[in-house]
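Report on one structure; see the data block that follows.
Here, residue 1 is the first one in the sequence, and each next residue gets the next number.
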Amino acid sequence: MSASCVLPMCVRASRGLLRLRGEVDFVRTLSTNKPPAGHDGATGGLAQAILQERLQQQSQGQPPPAPAEGAQSAGEQAGGDKKQKENTAYAKKMVLRLAGLMGLGGAVSVVYIFGTNSVDEHGKAIPDEFDKDPPVVQQLKRTVKYFQDYRQMIIEPTSPKLLPDPLKEPYYQPPYTLVLELTDVLLHPEWSLATGWRFKKRPGIDYLFQQLAPLYEIIIFTAETGMTAYPLIDGIDPQGFVLYRLFRDATRYMEGHHVKDVSCLNRDGSKVIVVDCKREAFRLQPFNGMALKKWDGNSDDRTLYDLAHFLKTIALSGVEDVRSVLENYATEDDPIDAFKRRQAQLAQEEEQRAGDGSQPKKSGLSLGSIASRFWRSKQQ
């Protein structure tokens, strides 16, 4: 072996001996010092155990244990937070760009679909007033017109004349027109987990139709859609007393309410009575309507029987303008109950007059006599 190889080995050996000597001196110093009370030389024993472990590692050629890794420094944490914020901002920016591209693509698709000319049954384009404009302008104008017409269809009734002309002789046309709401007047919707949505039939529907069919042209005008209401009307009117059916598309949409415009019924407004549970339903003609209390599904309800009596009284009395009668009940919370109170009062007055001998006493009072006196007193 050459002298150049032996020299580094001697240097490393001398360094190891020096390190070992230092550890031995350190242990001797700890062993000669007096340990504090209560430790019983534990410090010296610990030092000897450390020395033996290190000597064993030196003999086996293992390096000394590295110090344990601590937590990340404050600088590294700050750098990680900054990178995370940059990634979040980038992700948001990409999402916004993607949403913008999707919105732009959707707008272009809408303009292309609704801005194209309508076609006839042979597939040929139907000319319109926008054909002379540039292609892009044509598409935009047709799209705008389509949505304007759609909005108008929702707000306005489908036709200015919702009903056909009244029947003429030799056909019979009832002298009065009765417009009935379906939901919460004739039917009550109920929902359960077992059956889902069901509609409960109000007591007195059959009696109401039978009593009023000769005197009134019965129309069901509901804010429900035709798909929902049509089978329900078939269920409550198997005999066909309801002459016409009008649905949500025939209403006038105003401030969140579906309003029934009497002027669009193609009937004399002085002979039309609207029965609903919402005053907003006849807000355009407030004296053509009666606002009943909303039916909650109670099986003991008698309102329709009383309503039939009230409307029959009007018809038999030959009232020229029903608005003059309904105006007296416009502020009543329950117009049917108010009618019953007034009728009972008039009947009592008739009995008192008969008992005083002013006129012959009768065993009973006819409906026509009570009604005529009732309307005469209200007009006075």
Side-chain angles (χ1 to χ4, degrees), residues 176-224 228-243 245-248 257-258 260 272-282 286 288-316 322 325-326 328-347 367 370-371 374:
Y176 298 94
T177 300
L178 176 62
V179 179
L180 295 170
E181 171 58 48
L182 188 65
T183 306
D184 295 324
V185 174
L186 301 179
L187 300 175
H188 177 67
E190 295 179 338
W191 186 90
S192 65
L193 188 61
T195 61
W197 281 107
R198 292 171 42 174
F199 287 83
K200 186 176 182 179
K201 184 177 177 180
R202 192 170 192 173
I205 290 182
D206 298 332
Y207 178 82
L208 178 74
F209 289 164
Q210 292 171 2
Q211 292 294 314
L212 300 182
L215 304 172
Y216 287 86
E217 181 184 32
I218 300 177
I219 300 168
I220 288 185
F221 192 174
T222 177
E224 301 288 343
T228 302
Y230 211 94
L232 297 176
I233 299 173
D234 289 339
I236 65 175
D237 183 34
Q239 298 181 1
F241 290 117
V242 178
L243 298 181
R245 308 175 182 189
L246 298 174
F247 307 107
R248 180 180 298 177
H257 300 285
H258 293 280
K260 302 165 185 177
V272 177
I273 299 177
V274 180
V275 178
D276 206 301
C277 59
K278 299 177 182 177
R279 297 184 184 275
E280 294 83 4
F282 48 85
N288 276 104
M290 289 181 59
L292 301 183
K293 284 189 174 181
K294 185 177 179 180
W295 182 46
D296 58 359
N298 182 15
S299 300
D300 298 328
D301 183 80
R302 304 286 299 177
T303 301
L304 293 186
Y305 294 97
D306 297 331
L307 177 64
H309 188 198
F310 174 75
L311 296 176
K312 192 173 181 179
T313 302
I314 292 178
L316 294 178
V322 297
V325 177
L326 299 179
N328 300 310
Y329 299 92
T331 58
E332 296 286 348
D333 293 333
D334 190 348
I336 298 299
D337 186 62
F339 166 74
K340 292 168 62 177
R341 291 197 309 267
R342 295 175 186 179
Q343 190 184 40
Q345 183 179 358
L346 288 173
L367 180 62
I370 295 177
F374 178 74

Any side-chain heavy atom of [X] within less than 4.5 Å of one from [Y]?
X: I220; Y: I236; answer: yes
X: H309; Y: Q343; answer: yes
X: T228; Y: Y230; answer: no
X: V242; Y: I218; answer: yes

Does the [X] side chain pair with the main chain of [Y], one donor and one acceptor, at a distance under 3.5 Å?
X: Y216; Y: L311; value: yes
X: R202; Y: H188; value: no
X: R279; Y: A330; value: yes

Contacts of D334 that satisfy salt bridge (charged side-chain N to carboxylate O under 4.0 Å, His left out) - sequence neighbours left out: none
With sequence neighbours excluded, residues passing salt bridge (charged side-chain N to carboxylate O under 4.0 Å, His left out) with K200: none
The criterion is side chain to side chain donor-acceptor pair (under 3.5 Å); which residues satisfy it with [X], sequence neighbours excluded?
X: D237; value: none
X: D276; value: K260
X: R248; value: none

Looking at every heavy atom in both [X] and [Y], which two are closest together, and how far apart are they?
X: P203; Y: S299; answer: CG-O, 3.4 Å
X: L186; Y: I205; answer: O-CD1, 3.1 Å
X: H258; Y: A223; answer: CB-CB, 4.1 Å

side-chain contact (heavy atoms from CB on, under 4.5 Å) partners for [X], two or more places apart:
X: R198; answer: T195
X: P189; answer: T183, D184, W197, F199
X: E332; answer: Y329, A338, R341, R342

Residues 290-297, side-chain donor-acceptor partners within the protein, below 3.5 Å, at least two apart:
from, atom 1, to, atom 2, distance (Å)
W295, NE1, N298, O, 3.0
D296, OD1, N298, N, 3.2

Quick one: ring-ring contact (aromatic ring centres under 6.0 Å, His included) partners of [X], sequence neighbours excluded?
X: F241; answer: none
X: F221; answer: none
X: F209; answer: none

Interatomic spacing from CG in D306 to NZ in K340 - rounded to 0.5 Å: 4.0 Å
Euclidean distance, I336 CD1 relative to R302 CZ, rounded to 0.5 Å: 13.5 Å
Working for side-chain contact (heavy atoms from CB on, under 4.5 Å), residues T222 and L232: CA-CA 11 Å; T222 177; L232 297 176; over 6 Å; no
Sole candidate of L304, V275, L212 that passes side chain to side chain contact (heavy atoms under 4.5 Å, CB included) when paired with L180: V275
